[in-house]
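Counting starts at 1 for both ligands and their atoms, in listed order. Values below: all heavy atoms of this structure, side chains included; hydrogens, waters and symmetry mates excluded.
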Amino acid sequence: MSTKVSQPSNPESWHPETQLVHGGTLRSQFGETSEALFLTQGFVYDDSAQAEARFKGEDDGYQYSRFGNPTVSMFEERMRLFEGADAARAVATGMAAVTASLISFLKAGDHVVAARAMFGSCRYVIDELCPRYGIQSTLIDGRDLDAWKDAIQDNTKAFFFETPANPTLDLVDIAAVSKIAKERDIKVIVDNVFATPMLQKPLQHGADIVVYSATKHIDGQGRCLGGIVLADSKFVTDYLQDYIRQSGPSISPFNAWVMLKGLETLPVRVKAQCESAAKIADYLAGKAVVKKVIYCGRPDHPQADLVRKQMKGGGQVLAVEIDGGKDEAFRFQNALRIIRISNNLGDVKSLVTHPATTTHSKVKPAARAELGISDGLVRLSVGLEAVEDLKADLDVALAAVR
Ligand SMILES: *Cc1c(COP(=O)(O)O)cnc(C)c1O
């Protein structure tokens with residue numbers, strides 16, 4: 001498969017904004033401005049010998065879109081440059097990326113340790129799916145460095161965590177946990193969705209593998225599902241590549257194309273959304289019916305020092321605890337008119353969700369309490385609307401709580 005990319009110069013030296021507009025471009029013979037969408041299942045060969053050579057790996061052209069596709073390659077290369085990784089492989093969804101990062105290299109008899117504050121489906125993969133195939137798992141409080149050390153067994157092969165975590169915005173110290181892992185040859189996998197690749201680069205802090213749901217900020221406009229795994233070349237060659245080729249969680253070229261175009265505007269979108277989120281966090285923090293605002297960009301975030309150490313900004317998601325319980329949270333959400341109720345995030349449209357009854361409804365009440373997900377907690381993903389309009393919308397909703 002060809003991942004050769006025609007570049008005017010050394011794209012590694014470009015600033016991120018330039019990499020996100022030009023990185024990975026594979027211009028066809030027609031010289032198109034916008035990246036071409038190669039919506040094709042397969043590729044034809046000039047003759048039988050060429051087909052033979054491609055299957056032998058002696059000719060690096062494309063064969064079949066489950067193995068590779070030029071539009072998908074462009075998305076992978078653009079992300080690879082931006083993340084500063086050796087290699088990248090795109091897949092159909094964020095969950096396909098999480099699953100591939102684990103299942104492609106773990107085997108029966110191995111053990112994985114994960115921070116328990118994480119996306120519900122990630123918890124299913126680690127806590128239910130892996131054990132069914134003989135991969136043991138232990139869930140811990142990821143904020144506690146001793147808990148990582150104490151959970152290590154002779155067969156521990158991977159650490160998995162999300163930072164900041166959904167929806168409570170707990171952080172894991174990437175550098176400290178990676179240091180613990182390095183001593184035991186354990187791979188560190190970070191789900192970097194909440195921080196976005198704009199605000200946090202886990203590989204620079206010592207992590208081995210980064211996964212994204214591209215569905216979130218990378219598309220950012222609520223259209224397509226997608227995911228991507230970034231790692232060193234050895235991991236990709238030894239494990240990931242064959243797993244994706246042969247088991248087939250491949251991304252559609254169409255979705256990869258949407259993601260590729262999404263990357264072009266990622267910096268401006270995320271910057272504007274983070275600025276608005278910071279204003280809204282401060283605005284909500286002063287309100288009577290708001291018990292607590294958790295936002296990574298505020299000095300009262302419980303791990304504010306760690307935010308400064310490993311993140312370049314506060315992000316665009318905040319957790320707001322409405323004074324009361326489910327009824328109060330529902331009244332708040334139901335009164336919103338611009339901000340819509342949805343379990344998605346990272347979108348240009350502001351979205352609100354009540355984790356206890358949606359994204360985390362399958363987590364048992366005691367485990368929810370342990371995670372800090374109270375019945376009054378709502379998660380707010382701030383979009384690109386005018387802040388004044390969002391504040392006015394929130395004002396009406398706060399008034400409806402009582
Ligand atoms: C959304 C999300 C996922 C899953 O992504 P999909 O594209 O919906 O499969 C995984 N991890 C985190 C942190 C997410 O927010």
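- Below 30°, between 30° and 60°, or above 60°: for Phe55 and Phe67 the angle between ring planes is above 60°, a perpendicular geometry.
- For Tyr295 and His301, the distance between ring centers is not under 6.0 angstrom.
- Checked against the 6.0 Å centroid criterion, the rings of Tyr64 and Phe43 do not qualify as a close aromatic pair.
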Just list the N/O pairs, ligand 1 to protein, that are under 3.5 Å apart, with the distance for each.
{"residue": "ligand 1", "atom": "5 (O)", "partner": "Ser213", "partner atom": "OG", "Å": "3.0"}
{"residue": "ligand 1", "atom": "7 (O)", "partner": "Gly94", "partner atom": "N", "Å": "2.8"}
{"residue": "ligand 1", "atom": "7 (O)", "partner": "Ser213", "partner atom": "OG", "Å": "2.8"}
{"residue": "ligand 1", "atom": "7 (O)", "partner": "Thr215", "partner atom": "OG1", "Å": "2.6"}
{"residue": "ligand 1", "atom": "9 (O)", "partner": "Gly94", "partner atom": "N", "Å": "3.1"}
{"residue": "ligand 1", "atom": "9 (O)", "partner": "Met95", "partner atom": "N", "Å": "2.8"}
{"residue": "ligand 1", "atom": "11 (N)", "partner": "Asp191", "partner atom": "OD2", "Å": "2.6"}
{"residue": "ligand 1", "atom": "15 (O)", "partner": "Lys216", "partner atom": "NZ", "Å": "2.7"}

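- Under the 6.0 Å cut-off for aromatic ring centres, Trp14 and Phe82 do not qualify, their centroids lying 6.0 Å or more apart.
- Using a 4.5 Å cut-off on side-chain heavy atoms (C-beta onward), Arg379 and His354 make no contact.
- Each of Val293, Leu394, Val320, Ile339 was evaluated against Ile280; a single residue qualifies, Leu394, per the side chain to side chain contact (heavy atoms under 4.5 Å, CB included) test.
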